[in-house]
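Computed from heavy atoms alone, side chains included, the values below leave out hydrogens, waters and symmetry copies. Each chain gets a letter, A, B and so on, in the order its sequence line appears, and its residues count up from 1.
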Amino acid sequence: MSTQQGTSPAAVTATTEGQFEPKIIAFCCNWCSYAGADLAGVSRLQMPTNFLVLRAMCSARVDPEFVLRAFAKGADGVLVLGCHPADCHYIGGNYRTRRRIALLKMLLEQYGLDPDRLHLEWVSASEGVKFQSTIKDFTEKIREMGPNPLKEAEEESARVQGEPHH
Amino acid sequence: MALLDIDEKILGVAAIADIAFWPIAVDTKLKDVEAMPDKSITLTLYNGAIRNSENEHVAKLLRQKSALVVAFGSCACFGGIPGLANVTNKKDLQDYVYNKTFTSVNPQGTIPQPKWDGPEGELTLPVMYDTVLTLEDVIDVDYFMPGCPPTTDQINGFLDVVTKHLTEGAALPPKGAVIASQKTLCDECGRTKEVTTIDKIVMPYEIKIDPKKCMLEQGIICLGPATRAGCGAKCLEGNQPCRGCFGPTAEVLDQGGSMLSALASIFKTADNETQLSEDEILELMTQIKDPLGTFYAFTMPKSIIKRKVKEKKAVTQ
């Protein structure tokens, strides 16, 4: 799809030496948001290239495990994009998503992560511009937040555990 | 201790096996184990999480000396309840225990040191780790027997398998097998389930629990849907909700994520759903007071995000 052109996994990693480039995973539902992303692409709307799109059949298919795993693997931010309320292809998938994301944010906070690293947005198939602004705003927000603290914590924990044994 | 729960069957164990090392029941010293040839212990049931250098040393020693190592109980398998210490760290824990409790009087700020040079020579203590680890994090594990504690059925069943292997040469389960069921606890639970949605969460003491009806249906958080079966739903028979000690099911990595998903999904959607704001949804979900402590009561060190981290920059609202 067009928005993905030039956004290879390698391109999502840090580009400029020393400058923090956020890595963002964007889960898009097949019926609305993925089409919205496509529209943004064919409309040639400019946006940062820090994100990777993963298509799911419904935002409710985005298992909390996927989100946790994305963070554990080093994503600095995770976007979940679905159909507007009352527009879900599966009637009420997005309502489940909404509850799950709210609960997941509570959980992330308990894990010490900023809950704003996870963001849910409704983007319809006709909202290419909204897709663009969502990506722009979220990338900026994550850039301000800085890197995902899990990456550093992993290195630190390896160091602390490595204390010599008697 | 769980092993002693098998009652007179313990005599059968004594008939087929010499006990090499069992600190709670027999008086063997670690140096006796160190003197044994490698792989000379047939079976080690290792219980407890890895919390300090001594735990790690004993685990590695027993691995070296044993043919089979079983992670015995939820602490060895997933970190267990002590694993919830991963919401804090060694420094904060020690600071709290030695300086900050109401009854602490410690003007010199003395805390345990791993080494001390005294007139008697150098004295040592195990080094406490920052993070609670599972047994699998430090050694190769052959089998996993979850449960807090493992049930007598699991223990007897497994001991029978090992006995048959030793006496008749019967095959052992494949390496990495979990000595429990492949299904979720709901499969073993005898309670009936009729409706699929709830509108509020209650604490068990707030209602008179119907002993025949699904706990979740009554609004009580029960980890059944996200927990591996194999215990026979004993807690539920006792009118207590499942707290998840058997850990995640075979197909799932993260028990907490799995329960979070299930619980969020059974909250009723209202007629005015489209009018509800994100804040209202958040309010609905804050009925669950402590998601981490509830969903990961036994499995935090084994979860996808294994311990609490700290954001470098201040949270910008």
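- Within the 4.5 Å cutoff, the side chain of A:Phe71 has no heavy atoms near those of the B:Ile304 side chain.
- At most 12 heavy atoms of other shown residues, nucleotides or ligands fall within 6.0 angstrom of atom CD in B:Glu251.
- Only the side chain of B:Leu284 comes within less than 4.5 Å of a heavy atom of chain A; its backbone N, CA, C and O stay farther away.
- Of all the heavy atoms in A:Leu150 and B:Ile305, the pair that sits closest is CD2-CG2, 3.6 Å.
- At most 12 heavy atoms of other shown residues, nucleotides or ligands fall within 6.0 angstrom of atom CD in A:Gln46.
- Residues A:Tyr111 and B:Leu292 meet the side-chain proximity criterion, which asks for heavy atoms closer than 4.5 Å.
- Using a 4.5 Å cut-off between heavy atoms, A:Leu104 touches chain B through backbone and side chain atoms alike.
- For B:Lys268, the part lying near chain A is the backbone, with the side chain staying farther off; criterion is any non-hydrogen pair under 4.5 Å.
- The shortest distance between side-chain heavy atoms of B:Lys312 and A:Met145 does not fall below 4.5 Å.
- A heavy-atom distance below 4.5 Å is not found between the side chains of B:Lys310 and A:Pro149.
- With rounding to the nearest 0.5 angstrom, the CG atom of B:Leu263 is 11.0 Å from the CZ atom of A:Arg100.
- Comparing B:Leu260, B:Val87, B:Val252, B:Asp254 by heavy-atom pairs within less than 4.5 Å of chain A, the highest count is held by B:Leu260.
- Crowding of B:Lys193 atom NZ: a count of heavy atoms from other residues, nucleotides or ligands under 6.0 Å exceeding 12.
- Between the side chain of A:Glu65 and the main chain of B:Gly257, no donor-acceptor pair closer than 3.5 Å is present.
- When each of B:Gly256, B:Ser261, B:Gly293 is scored by its heavy-atom pairs under 4.5 Å with chain A, the top score falls to B:Ser261.
- Scanning both residues, B:Pro291 and A:Leu103, for their nearest heavy atoms gives CG-CD1, 4.0 Å.
- Proximity of A:Arg98 to B:Leu276: side-chain heavy atoms (C-beta onward) are separated by under 4.5 Å at one or more points.
- For residues 66-80 of chain A, every residue pair satisfying the side chain to side chain donor-acceptor pair (under 3.5 Å) rule, not counting sequence neighbours, is listed here: A:Asp76-A:Lys151.
- Closest non-hydrogen pair, A:Arg99 versus B:Ala270, comes out as NH2-N, 4.4 Å.
- Counting heavy atoms of neighbouring residues, nucleotides and ligands inside a 6.0 Å radius, atom CD of B:Glu278 exceeds 12 of them.
- The OG1 atom of A:Thr97 sits 11.0 Å away from atom CD1 of B:Ile281, with the distance rounded to the nearest 0.5 Å.
- Taking 4.5 Å as the limit, some side-chain heavy atom of B:Thr269 sits within range of a side-chain heavy atom of A:Arg96.
- Rounding to the nearest 0.5 angstrom, the gap separating the CG atom in B:Leu253 from the CZ atom in A:Phe66 is 10.0 Å.
- Residue pairs that meet the side chain to side chain donor-acceptor pair (under 3.5 Å) test with at least one member in residues 284-293 of chain B, sequence neighbours left out, are A:Gln110-B:Asp290.
- Closest non-hydrogen pair, B:Met285 versus A:Ala102, comes out as CG-CB, 3.8 Å.
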